[in-house]
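All values below were derived from every heavy atom in this structure, side-chain atoms included, with hydrogens, water molecules and symmetry-related copies excluded.
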Amino acid sequence: MHKNFCLPIILIITLLFIFGCGQQEKSEREKRETISEDTSSMDMDEHADHDHVPMVASADDGKTIRYWTCVMHPTVKMPEPGSCPVCKMDLIPIYEGSGLELTEQQKALIPVRTEPVAFREVAREIRTVGVLDYNETRMAYASTRISGWIEDLHIDFTGIKVREGDELLSIYSPELVTAQEEYLTALKSIKELQNTEYAELRKSVERTVTAAKSKLELSGLTLSQIEGIRDRGEVSTTLPLFAPIAGTVVHMNVGQGQHVNKGMNLYRIADLSSLWIMADVYEYELPWIYMGQAVEITAQSMPGLTFPGKVTYIYPFFDTQTRTQKVQIEVANPTGRLRPGMYVTLQIKPTLAEIYTQGAISKDPYACPMHPWITSEHPTECEICGMDLEPTHPETVASEAEGEWACPMHPEEQSDEFGECSICGMDLVKKAGAPTEAASVWTCPMHPEKQSDEFGECSICGMDLVEKQSTTHSHAHQPLTSPAILSDQPQLIFKYVCPDHPDAYATVPGLCPHDGKPLLMTGEVLTVPKSAVIDTGLRKIVFVDRGESGYEQVEVEVGPEAWGTSDDSETKRRYYPIVSGLTPGDRVVTRGNFLIDSQTQLTGSASGAYGGALGGEESAAPVHQH
């Protein structure tokens, strides 16, 4: 009975469950169909909107399209319209001369500051430390060539100053006494054999005298000492030891009565009027160092005093532990204030023009102390500052000043007129570089390679030729020429001006278009503030203010970083010399350029349609296309 009652109940529950599931599936199917119809309706409306509101105008208003790019991926650049390969969005055109245009609201948000690209003189200041040391070329050892005992010790402590030829000590040497007796015996034999009939015997004795004299010379005796022994006819029991150079005794290895062997170094003498400094220069500063460069030296023990020096040697090896380069600097020490072992501070302030013309500076014997690239073969004035040119090689200039004629065998014998050498009697010859008579040369101001011996017209442009002097009557009127830029350096843009027409300048050497004089390099180079350059790692870019066209991104190539002063301030700032990419007068963004760069990266050059990071004017949200 109980089983018959439960079975109908189970069947009724099963039927109700199946009926409920069917109703739920029907409801879900109807809902999906409704959503599908709504989606189709929205797609139709969207396509209708696409037909009425196009994203990019098809007309280019007469502008030339440079390339097509994506709003979301500005690095994508295509030559033809299409879809972005990254996000499949339609590409937009970028026109020639178009830059990032900012609204007044955006300019208020960004404190944009621009400065002109201009010529200025820039330099680099290198500061390092060093230790004073002896000048190795002005040191000498006093050593003996014989063995013996110290008889008299005249210089008996270190630090004393001696003159060249001063007697340091005297040595008693039995070897020296024997050598002198042999020499005197040979001289006595010569006198006895003056009237002998045996010529061979006399020649043999003469050879003995020569050998005995040579033995004394090799023992350290001078010719005057040997002649004194010959004149006296007596043996000298002691041999004096003389100072080889003038200087200060810095080391002593001898005492009274001490026995010394031949070859021993008894004294070390150093000339302290000139000292060396060993300085360490970092690797990135090496391009600013060259031989003969001026150095300012200061010592902590003498504040306010500055000692001039110069770079005399750059060692050909590098210290891999400290990543520095050893540089040798020579400093004059006539008063003796500087002492070996002292720490000093070094300052090197080379200008960029000085570094780029260092190869030409050392060629001519005269140079301007303020503008080292202004050089000449003869004494004259600097046409930039008016200072007298100073000799770069005093020893060469001194020899040139003695005369125009010199002896080929004895160059020290010179004269202002032709004659014979007073030593050998040879005819004097005219030295190279002597002035000759002037010859007029006519050249074209625009094409200096077109030259003629008489007045006429240029065969290229038809301009009248201007006269210049190929050689001069006097040294004072020889025109200065600008040195050539070293070929292994980046080709920077230097400024060349005419001395008589400062407004006429060029960026390459040439002639003045007004009077045909050679243009002189002023030392100024085309520079841009460092704050204007954005270094991406692979390239360097700046933003140029194009006025109504907005801010244009320009890739530039720059030279080594240096310091200079701006036109409106005496404060030193960092600048980059320009190699390519900019011209004089371009205004570059020096403040706010990173925000402009971020705006460009976010919006590309489509900032007129999209507000980007700076909140441009509100516009309808772009519709994403599939």
For residues T114 and T590, determine if any side-chain heavy atom of one lies less than 4.5 Å from a side-chain heavy atom of the other.
-> no
Side chain to side chain, E555 and K540, heavy atoms closer than 4.5 Å = no
Atom pair CD1/CD1 of I160 and I155 - distance to nearest 0.5 Å = 4.0 Å
Can you find a heavy atom in the side chain of Q293 that is under 4.5 Å from one in the side chain of P350?
-> yes
Which atom of R546 lies closest to which atom of D586, heavy atoms considered | NH1-OD1, 3.9 Å
Atom pair CD1 (I269) and CZ (R138), whose distance is rounded to the nearest 0.5 Å | 15.0 Å
Trace of the side-chain hydrogen bond (donor to acceptor under 3.5 Å, both in side chains) decision for T306 with E296 = CA-CA 6 Å; T306 302; E296 293 182 4; 5.5 Å; no
Where is the tightest heavy-atom contact between A532 and V588, given as atom of each residue plus distance?
-> CB-CG2, 3.9 Å
Could you tell me whether a side-chain N or O of R573 sits under 3.5 Å from a main-chain N or O of T565, the two making a donor and an acceptor?
-> no
What do the steps show when you test V542 against L582 for side-chain contact (heavy atoms from CB on, under 4.5 Å), and what is the final call?
-> CA-CA 9 Å; V542 298; L582 296 174; 4.0 Å; yes
For T351 and V122, run side-chain contact (heavy atoms from CB on, under 4.5 Å): C-alpha distance rounded to whole Å, both residues' side-chain angles, the deciding distance at 0.1 Å, then the answer.
-> CA-CA 6 Å; T351 63; V122 292; over 6 Å; no
Can you check side-chain contact (heavy atoms from CB on, under 4.5 Å) on N265 and S143, steps first, answer last?
-> CA-CA 4 Å; N265 293 324; S143 58; 3.6 Å; yes
To the nearest 0.5 Å, tell me how far E115 CD sits from D545 CG.
-> 12.5 Å
Give a yes or no answer on whether the side chain of Q325 reaches the backbone of F317 with a donor-acceptor pair at less than 3.5 Å.
-> yes
Closest heavy-atom pair and its distance - D535, G537 | OD1-N, 3.0 Å
For A279 and I329, the nearest pair of non-hydrogen atoms, with its separation, is CB-CD1, 4.2 Å
Determine whether more than 12 heavy atoms belonging to other residues, nucleotides or ligands lie under 6.0 Å from atom CZ of R337.
-> no
If you take all heavy atoms of V497 and K495, which pair is closest and at what distance?
-> CG1-CE, 3.8 Å
To the nearest 0.5 angstrom, please state how far the CG atom of L132 sits from the CZ atom of F307.
-> 9.0 Å
Hey, what do you get for CZ (R145) to CG (L241), rounding to the nearest 0.5 Å?
-> 10.0 Å
Roughly how far, to the nearest 0.5 Å, is the OH atom of Y505 from the CD atom of E524?
-> 10.5 Å
Is T322 close to D280 at the side-chain level, that is, under 4.5 Å between some pair of heavy atoms?
-> no
Are any of the side-chain nitrogens in R574 or E561 under 4.0 Å away from the carboxylate oxygens of its partner?
-> yes
Would you indicate whether Y282, at its atom OH, is surrounded by more than 12 heavy atoms from other residues, nucleotides or ligands within a distance under 6.0 Å?
-> no
Within-4.5 Å side-chain heavy-atom neighbours: L526 and T507 | no
Run the side-chain contact (heavy atoms from CB on, under 4.5 Å) check on H251 and Y267 step by step: do they pass?
-> CA-CA 6 Å; H251 181 71; Y267 294 94; over 6 Å; no
Check the angle between the aromatic planes of Y315 and Y313 and answer parallel, tilted or perpendicular using the 30° and 60° thresholds.
-> perpendicular
Check: F119 ring centre within less than 6.0 Å of F494 ring centre = no
Evaluate the criterion side-chain hydrogen bond (donor to acceptor under 3.5 Å, both in side chains) for residue pair N135 and S274; output intermediate values, then yes/no.
-> CA-CA 6 Å; N135 187 336; S274 175; 3.0 Å; yes
May I ask you to check whether over 12 heavy atoms, not counting those of F242, lie within 6.0 Å of atom CZ?
-> yes
On a heavy-atom basis, the closest approach of V558 and V579 is C-CG2, 3.8 Å
Indicate yes or no: does K326 engage D319 in a salt bridge with an N to O separation below 4.0 Å.
-> no
